[in-house]
Amino acid sequence: MALHPTAQRFQERLAALGLAADVHELAASTRTAAEAAAAVGVEVGQIVKSLVFVDPEGPVLCLCAGDRRVDTTKLGGDVRQATGDEVREATGFAIGGVPPIGHDRPVRTVVDSSLRRFPTVWCAAGTPNAVFSVSTEALIGAIPEAAVEEIS
Ligand code: 5CA
C-alpha cells in the first residue's frame, strides 16, 4: 500500500542520507513511545523519542530512549520543552511523528547515550502511524554533528 505522502517524503530523505531503512506504516497508532512499542512488539526503551527543547540558543532536538525522561538540568538548565508550533518550525514535522533525522532544516541534536543499550531502535517516520528500525550506531553515524551524552 502506498505510504502517506509525509511518510513517503521521509522515506526518500532516509535514502538520501544513505540509511537503508524501510518505513513501516501501521494500522495502530504509534503516536507515543508506548503505543509504538506495543504496535511493533518491542520494549519501550527501544523506541526513540525525538523531543524538541528550547534554550537561549534556540531549538535542540533530544533523542531519548522511550523508557527514559530527558533531565533538563543536564541540558544546561535554562531550557523548556518546545510547543507544538515550535516543533513543526524546527523540524518540519508534527508532534507524534517527529523523526530523529531527515528534518526540513538542520537542527542541533543531542543523543542520549542510554540508547546504546539496544543494538536496534525504532523511530518515528514522519506521521503518528509510521516507524522505521535502524541499528543504533547507524542512526548515530547518520548525525555526525550530534553530541552523544547522558541526558536522561
Ligand atoms: N511516534 C512516537 C514514537 S517514536 C513519538 O513521536 N514519540 S515522541 O516521544 O517523540 O513524541 C511525543 C512527545 O511529544 C511526548 O513525549 C511529549 O514530550 C511531546 N508532546 C506531546 N504533546 C505535546 C504538547 N502539546 N506540547 C509539547 N510537547 C508535546
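Every number for a ligand or one of its atoms is a count from 1 in the order of the listing. When reading the values below, keep in mind they use all heavy atoms of this one structure, side chains included, and skip hydrogens, waters and symmetry mates.
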A.B. asks: Decide, yes or no, whether a salt bridge links R116 with E137 under the criterion of side-chain N to carboxylate O below 4.0 Å.
C.D. replies: yes

A.B. asks: Answer yes or no for A82: is there a heavy-atom contact with ligand 1 below 4.0 Å?
C.D. replies: yes

A.B. asks: Check whether any N or O atom of Q81, backbone or side chain, sits under 3.5 Å from an N or O atom of ligand 1, and answer yes or no.
C.D. replies: yes

A.B. asks: Between V48 and ligand 1, which part of the residue brings a heavy atom under 4.0 Å of the ligand: side chain, backbone, both or neither?
C.D. replies: backbone

A.B. asks: Is the shortest heavy-atom distance from the side chain of I101 to the side chain of T109 under 4.5 Å?
C.D. replies: no

A.B. asks: Test your reading of the structure: does T83 have an N or O sitting under 3.5 Å from an N or O of ligand 1?
C.D. replies: no

A.B. asks: Please report the closest heavy-atom contact between A90 and V107, naming both atoms and the distance.
C.D. replies: O-CB, 4.1 Å

A.B. asks: So which protein heavy atom does atom 5 (C) of ligand 1 come closest to, and at what separation?
C.D. replies: R31 O, 3.2 Å

A.B. asks: Measure V131 to ligand 1 on non-hydrogen atoms and call it side chain, backbone, both or neither using the 4.0 Å cut-off.
C.D. replies: neither

A.B. asks: Just to confirm, does any protein heavy atom lie below 4.0 Å from atom 20 (N) of ligand 1?
C.D. replies: yes

A.B. asks: For the CG atom of L115 and the CD1 atom of I151, what is their distance to the nearest 0.5 Å?
C.D. replies: 8.5 Å

A.B. asks: Side-chain donor-acceptor pair under 3.5 Å between D112 and S114, yes or no?
C.D. replies: yes

A.B. asks: Tell me if the CZ atom of R69 is crowded by more than 12 foreign heavy atoms within 6.0 Å.
C.D. replies: no

A.B. asks: Using a heavy-atom cut-off of under 4.0 Å, does the side chain or the backbone of P128 touch ligand 1, or both, or neither?
C.D. replies: neither

A.B. asks: At less than 4.0 angstrom from any non-hydrogen atom of A124, what atoms of ligand 1 do you find?
C.D. replies: 1 (N), 4 (S)

A.B. asks: Mind checking whether E35 contacts ligand 1 via backbone (N, CA, C, O), side chain (CB onward), both or neither, at a 4.0 Å heavy-atom cut-off?
C.D. replies: neither

A.B. asks: With a cut-off of 4.0 Å, which atoms of ligand 1 are near a heavy atom of K49?
C.D. replies: 9 (O), 10 (O)

A.B. asks: Relative to atom 16 (O) of ligand 1, which among V87, I95, L51, V70 owns the nearest non-hydrogen atom?
C.D. replies: L51

A.B. asks: Identify the two heavy atoms, one from V52 and one from P59, that lie closest to each other, and give their separation to 0.1 Å.
C.D. replies: CG1-CB, 4.1 Å

A.B. asks: With heavy-atom distances below 4.0 Å as the criterion, list the atoms of ligand 1 near I47.
C.D. replies: 3 (C), 4 (S)

A.B. asks: Answer yes or no: is there a side-chain heavy-atom contact under 4.5 Å between P99 and C123?
C.D. replies: no

A.B. asks: Between F10 and F132, how do the two ring planes meet: parallel, tilted or perpendicular, split at 30° and 60°?
C.D. replies: tilted

A.B. asks: Evaluate G96 for polar contact with ligand 1, using N/O atom pairs at a separation under 3.5 Å.
C.D. replies: yes

A.B. asks: Can you check whether S50 has an N/O within less than 3.5 Å of an N/O in ligand 1?
C.D. replies: yes

A.B. asks: Are E43 and R117 close enough, and set up right, to give a salt bridge (Lys or Arg N to Asp or Glu O under 4.0 Å), and what steps lead you there?
C.D. replies: CA-CA 12 Å; E43 60 180 289; R117 287 174 292 160; 6.0 Å; no

A.B. asks: What residue and heavy atom of the protein are closest to atom 1 (N) of ligand 1, and at what distance?
C.D. replies: T30 O, 2.5 Å

